[in-house]
Amino acid sequence: MLDFVQNLIDGLMVGSSYALLALGFTLIFGAMRRLNLSYGPSIMVGVFAGTLVHMQYSAGLIAVAAATMIGSAIATVYVERLCFAAVRSGAAVASMVSSFAVWMQIEEAVTLAFPRRTYAFPALSDAPPIYVGELFFRIEYVVMAIVAALVMLVLYAILNRTRFGLQLRAVSQNPVAARYSGINIPAVTLQAFLLAAVIGAIAGFLIAGTDQQITPRFGLWATIKGLIAMMLGGLGSIPGAILGGLLLGVVEAQSQWYLGTEYRDLMAYLVLFAFLVLRPGGLMGTVAVTQDREAARRL
Amino acid sequence: MASPGTLRIEGLTKRFQALTALEDVDLALESGEALGLIGPNGSGKTTLFNLISGVYPPSAGRISFNGNDITGDPAHRISRRSIGRTFQNLRLFPRMTVYENVRAARHAGAPALSQLWVGRAARRVERDAVMDRLAEVGLADRAEDLAAELPLAGQRRLELARALAAKPTLLLLDEPAGGMTPAETDHMAEIIATHAMPGRSVIVVEHKLDMLSRLCNRLCVLNFGRKIAEGTADAVLRNPDVLEAYLGTEDEQDRHAPVD
Amino acid sequence: MDDFTISVISNIGLFSFVALSAYLLLLTGEISFGQQAYFALGAYGAGIATVMWGWPLAIAVVWAVAIGMAAGALVALPTVRLRGLYYSIATLAFAEMVRNAFLIFRYRREVDGFEVGPAGAEGFRDIRYIYETGISSFEYMLLIYALLAGVMLLFLLMETARLGAVFRMIGDDPVLAEMQGIDVTRYKVLAAAIAGGIAALGGCLYAHMVTYVEPAIFNVMLGVHALAYGLIGGLGTAFGPILGVIIDIGVLESTRAFSGYRMIVFGGLVAVILIVRPRGLLDETLVHRVRLWLRPAR
């Protein structure tokens with residue numbers, strides 16, 4: 001029982017970073033109804049920018065975090081311009097495949113710039129774990145969970161209290177109506193991509209700071225985790241993305257402990273597959289499914 | 001067995017979450033009869049077509065066709081029972097040719113693997129049938145064009161040709177002259193009268209009442225998902241409920257709002 | 001022909017199978033991120049058959065296709081009703097399940113004094129059938145292309161007959177296809193089975209050419225590449241995906257013109273192609289024009 005609770009806590013804390021990745025995917029998907037496979041790789045660019053600042057100038061955590069955000073924002077703008085803004089409307093698959101091609105580009109460019117593949121990343125904290133009774137909390141995980149929670153609060157405020165948030169929600173719920181009411185959709189879309197880039201960069205910073213290292217494969221890893229978490233929660237739902245991330249973290253932690261490391265990913269995919277088949281809307285399904293009126297509208 | 005093209009609808013209701021699109025509608029159509037269906041936008045006309053053709057199952061009520069209960073059957077099975085339709089907002093296979101679009105209607109009911117090979121004789125029969133349908137709607141010379149290259153009126157006629165190619169005994173036409181000029185509308189009405197109506201039952205949804213009264217001997221009026229009147233064209237159009245339903249919504253129709 | 005040329009041409013052939021597999025599903029309007037799973041099942045299944053059970057390659061090929069078709073149909077049954085991204089992610093989840101399962105899967109036994117068979121993450125070594133039977137790499141290349149020609153014949157037959165039109169109708173507008181009397185669910189399962197069989201055939205041939213397979217080969221990258229090939233080459237004809245493979249492997253990889261930054265060139269090329277032609281180089285409109293030009297009066 002103690003093990004289970006410990007895994008649950010660890011899983012929730014790690015899951016909070018998955019939730020951030022899922023939120024980024026959801027923002028982009030909400031704005032475009034398209035999937036940006038290059039989301040993880042863009043974050044990876046940011047994390048490498050952070051590493052660079054760390055190595056060259058032995059900068060502090062704040063500067064590294066800033067570099068991470070700037071790096072992933074620049075990469076994201078490149079992806080958005082090339083794969084989304086430039087590709088015709090109605091060609092969602094082309095956008096997705098194009099974002100994959102650009103992913104290949106980014107990964108190779110980073111590998112050329114950082115030929116050693118594995119690089120050190122500054123630790124979030126090197127304090128020893130805190131013990132509460134028989135449970136222990138890794139400080140990095142605690143920082144991760146707290147920062148993630150703060151980011152979610154800020155995102156909530158942005159979406160519900162600002163003009164941009166209102167416009168983004170309008171675009172994601174009904175692009176046609178949004179355009180007729182004078183919303184500049186390309187601008188809102190670009191801003192959504194940038195917001196997603198910043199959120200993703202924070203997640204990337206937290207994860208790399210916990211692992212204390214980074215490789216170009218981080219792009220693949222982040223895309224996959226974010227996608228799974230988003231789909232578990234329910235496509236297009238903000239609360240769903242958060243719940244999906246947490247669920248993914250818990251499933252991984254529990255199966256790693258009870259079944260072994262080699263079963264960790266297998267179980268995560270099994271849960272995902274089961275969710276998709278048995279409850280295609282995900283955890284917060286009904287919201288997403290009713291929003292996805294594509295089929296109904298074509299009739 | 002009832003004679004072909006007989007439709008019986010009893011207590012048909014369709015709810016989408018909070019919205020009731022169609023409520024307790026009864027309708028009967030005899031073999032070879034032509035019925036006009038009118039009503040303001042959002043009154044449930046297309047919903048009724050979607051229920052008959054099996055796009056989604058009804059929330060309550062029964063539909064029977066030729067004496068067989070078809071309530072809740074999947075669309076492909078209903079189509080094979082020889083119910084054909086066209087769509088208010090045009091549905092074609094845009095990347096296929098005009099010819100292929102009409103041929104598409106002839107796949108019905110063939111077993112899955114028999115489609116891999118079509119013999120020469122069968123191909124000729126098929127070709128003649130498809131070209132006959134295209135000739136009827138005046139598109140024979142455009143057979144090799146992509147469907148997307150046709151003008152709107154041509155696309156509507158192509159839809160009609162496709163529906164006819166499946167040899168339906170019941171044909172559902174959803175605004176066959178929608179968006180057409182008066183001349184195109186006349187042409188369409190003539191095509192329907194000479195090629196679509198003989199030998200089959202037809203339900204036509206149309207806002208153009210003169211076209212409707214030319215084609216149909218009976219009208220049925222829906223408003224807010226309920227049937228508010230039914231009878232001969234003259235009687236229906238003098239019905240006070242109908243006038244009330246239409247007044248004040250007249251200008252909305254011109255905007256072609258994609259509701260319903 | 002030198003060994004390098006043979007290996008490049010053989011690779012083009014092998015990856016064409018996965019590309020065609022993903023292409024067939026694209027025709028029916030489904031984006032699968034998971035065709036590498038059937039490639040893996042074919043590779044492992046056929047490898048086990050020739051190495052451990054001593055079957056001849058010809059039977060192993062049939063066996064691999066059967067595995068691929070069965071798995072494709074089985075996965076399709078619960079997933080066909082999923083739309084769009086849900087389907088894509090479900091196929092991804094399945095493929096990753098297969099890959100992770102092969103990371104755990106051990107099936108070892110002694111054959112001729114050596115222990116052989118899949119050994120989890122260490123992979124599956126010594127799939128040496130073609131070397132033991134003295135088939136040269138040139139002859140094997142011909143075998144790959146003979147089988148690829150068979151698959152292409154199937155596609156061309158499909159396009160001239162009705163089945164291809166049915167698949168394209170489903171891809172364009174499944175509801176409208178359903179209204180033409182087509183049992184969309186059944187055809188989608190059929191397409192998934194055929195696609196699974198084609199990918200497994202490629203996997204079987206791949207395993208016997210390289211003699212060593214490991215789960216890491218069959219990751220998402222392979223699946224998304226397969227998808228991209230069809231979309232670059234074009235969705236108008238089955239030559240499209242093959243053109244995509246040729247552009248990537250044949251031109252960029254083999255000429256070594258851009259060694260070191262090949263992916264940067266390839267990625268940019270794909271992005272530009274998709275801006276100009278969202279349905280690929282050989283898209284339906286172009287294929288239609290070519291067809292009219294070849295056959296002016298029908």
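Chain identifiers are assigned alphabetically (A, B, ...) following the order of the sequence lines, protein sequences preceding nucleic acid strands; residue numbering begins at 1 within each chain.
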- How far apart are the C-alpha atoms of B/Leu146 and C/Arg289, what are their side-chain angles, what is the distance that settles it, and do they pass the side chain to side chain contact (heavy atoms under 4.5 Å, CB included) test? CA-CA 10 Å; B/Leu146 291 182; C/Arg289 288 221 191 93; over 6 Å; no
- Message: Can you tell me how far apart OG (B/Ser79) and CG (C/Leu176) are? Round to the nearest 0.5 Å.
- Response: 10.0 Å
- Side-chain touch B/Arg85/C/Met179, heavy atoms, less than 4.5 angstrom: yes
- Task: Let me know if B/Glu159 has heavy atoms under 4.5 Å from chain C in its side chain, its backbone, both or neither.
- Result: neither
- Do C/Met169 and B/Asn101 have side-chain heavy atoms sitting under 4.5 Å apart? no
- Query: For the atom pair CD (C/Gln180) and CZ (B/Phe93), what is the distance rounded to the nearest 0.5 Å?
  - Reply: 5.5 Å
- Measure distances from B/Arg103 to the heavy atoms of chain C and classify the residue's part below 4.5 Å as side chain, backbone, both or neither. side chain
- Note on the structure: Applying a strict 4.5 Å limit to non-hydrogen atoms, the region of B/Ile78 in contact with chain C is neither
- Does the B/Arg80 side chain pair with the main chain of C/Gly181, one donor and one acceptor, at a distance under 3.5 Å? yes
- Task: List in chain and number order the residues that pass side chain to side chain donor-acceptor pair (under 3.5 Å) with B/Arg81, two or more places apart in sequence or in another chain; answer none if no residue qualifies.
- Result: none
- Message: Is there a side-chain contact between B/Thr97 and C/His288 in this structure, where contact means two heavy atoms from C-beta onward sitting under 4.5 Å apart?
- Response: yes
- Message: Distance check, rounded to the nearest 0.5 Å: B/Leu92 atom CG versus C/Asp172 atom CG?
- Response: 10.0 Å
- By a 4.5 Å heavy-atom criterion (distance strictly below it), what part of C/Glu178 contacts chain B: side chain, backbone, both, or neither? both
- In terms of heavy-atom pairs under 4.5 Å, which option from B/Arg95, B/Arg77, B/Met96 contacts chain C the most? B/Arg95
- Between the CZ atom in C/Arg162 and the CZ atom in B/Arg123, the distance rounded to the nearest 0.5 Å is 8.5 Å
- Report yes if the side chains of C/Ile182 and B/His76 come closer than 4.5 Å at any heavy-atom pair, otherwise no. no
